[in-house]
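Indexing begins at 1, ligand by ligand and atom by atom, following the structure's order.
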Amino acid sequence: MADKDIVRPEGAAEDWTIPQGWDRYSPAEHAMWDRLFDRQARMLPGRVAPEFLKGLDILRLSKPGIPDFDELSERLMKATGWQVVAVPGLVPDDVFFDHLANRRFVSGNFIRTPEQLDYLQEPDIFHDVFGHVPLLANPVFADYMQAYGQGGQRAAQHGAIDRLARLYWYTVEFGLINTVEGLRIYGAGIVSSYGESVFALDDASPNRIGFDLRRLMRTRYRIDDYQQSYFVIDSFEDLLDQTLRTDFAPIYSDLAGTADIAPEELLPDDQLHSRGTQAYALSKAETA
Ligand code: HBI
Ligand code: FE
């Protein structure tokens with residue numbers, strides 16, 4: 001969706017923020033949070049990066065009910081100087097980058113309906129808060145997200161937002177991390193999804209490829225289904241070092257004119273953690 005297609009709703013401020021309206025959630029909406037929270041909390045130990053579990057703990061994210069952004073922001077502010085602010089849905093890139101650059105994470109204030117339990121297009125409060133916010137309590141990841149916002153402002157000047165968006169996608173949304181105990185998930189798109197938190201780690205279908213910034217910036221991604229490739233970082237410190245402490249301008253010019261890489265494609269230089277069968281994507285293609 002192009003930015004010009006997103007219209008700032010009436011009632012949203014200049015920076016697109018709106019009141020969370022915590023008092024307006026219905027018992028059914030709070031119950032939906034609890035249901036999603038239970039399902040993921042049971043799934044995650046042994047699957048998610050330890051930093052994520054630590055974040056849940058520090059922020060005391062739990063049941064019962066949808067968190068109040070003011071309370072959450074107070075704890076998050078103490079941990080890393082971040083806040084959570086409510087927005088109506090997707091916001092334009094420049095607005096998104098500006099919030100991140102100022103250590104404000106934007107979150108939808110609505111929660112999915114029972115019909116949308118496992119799939120919805122716009123990020124709701126469960127994806128945004130449960131998926132994204134715990135890692136913002138980690139000082140290194142907190143700096144990474146701010147640097148991404150600053151990098152977005154620069155990428156816009158280079159016409160390279162698409163490249164930078166791939167970095168966000170394959171790390172913040174769908175990243176895997178290598179630990180002494182094996183691969184773990186940390187991307188919010190995985191962590192907030194019941195199906196993908198199993199698929200991304202255990203399924204034989206997807207590729208799991210060692211993180212390589214230039215390679216990743218050439219790789220297209222899927223927005224409609226589980227990923228066909230995941231990229232594996234060694235640590236958050238290493239991710240921050242390799243990416244946003246680096247000036248991307250020379251990388252953007254090197255990459256101009258290079259061919260994109262398909263989501264499932266492997267290259268000879270890839271450091272493979274696992275070579276995927278792509279059985280899942282192929283079975284979907286047959287029935288499509
Ligand atoms: N808006 N609310 C919201 N949440 C996002 O994750 C988001 C957005 N606008 C733009 C955007 N993400 C990305 O496309 C940028 O990283 C480029
Ligand atoms: Fe997200």
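With ligand atoms numbered from 1 in the order given, ligand 1 contributes 1 (N), 2 (N), 3 (C), 8 (C), 9 (N), 10 (C) to contacts under 4.0 Å with heavy atoms of Val91. Taking a cut-off of under 4.0 Å to the non-hydrogen atoms of Val106, the atoms of ligand 1 that pass are 2 (N). Of all atoms in ligand 1, numbered sequentially from 1 with element shown, those under 4.0 Å from a heavy atom of Phe97 are 17 (C).
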Full working for ring-ring contact (aromatic ring centres under 6.0 Å, His included) between Tyr194 and Tyr119: CA-CA 10 Å; Tyr194 184 69; Tyr119 183 76; over 10 Å; no
Candidate pair Phe236 and Tyr144, rule ring-ring contact (aromatic ring centres under 6.0 Å, His included), full reasoning: CA-CA 8 Å; Phe236 293 123; Tyr144 178 69; 8.3 Å; no
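Not close to ligand 1: Trp169, with no non-hydrogen atom less than 4.0 angstrom away. Between Gly152 and ligand 1 there is no heavy-atom distance shorter than 4.0 Å.
Counting only non-hydrogen atoms, the option in Asp128, Val172, Leu90, Asp93 that gets closest to atom 10 (C) of ligand 1 is Asp93.
A donor and an acceptor atom, one from each side chain of Glu196 and Tyr230, are located under 3.5 Å apart.
Regarding atom 16 (O) of ligand 1, its nearest protein heavy-atom neighbour is Tyr148 OH, 3.0 Å. With respect to atom 11 (C) of ligand 1, the closest heavy atom belonging to the protein is Phe96 CD2, 3.7 Å.
Ion pairing between Arg275 and Asp270 fails under the 4.0 Å rule for side-chain N and carboxylate O. With salt bridges taken as basic N to acidic carboxylate O contacts below 4.0 Å, one links Arg166 and Asp260. Salt bridge absent: Asp15 and Arg8 never bring a charged side-chain N and a carboxylate O closer than 4.0 Å.
Of the polar atoms of Gly89, at least one N or O is found under 3.5 Å from an N or O of ligand 1, judged by distance alone. When only interatomic distances are considered, the shortest N/O to N/O separation between Glu173 and ligand 1 does not fall below 3.5 Å.
Contacts of Ala204 classified as side-chain contact (heavy atoms from CB on, under 4.5 Å), with partners at least two apart in sequence or in another chain: Thr277.
Nearest N/O/S atom of Glu173 with respect to the Fe ion (ligand 2) is recorded as OE2.
Taking the six-membered ring where tryptophan is involved, the planes of Phe105 and Trp82 are tilted, since the angle between them lies from 30° to 60°.
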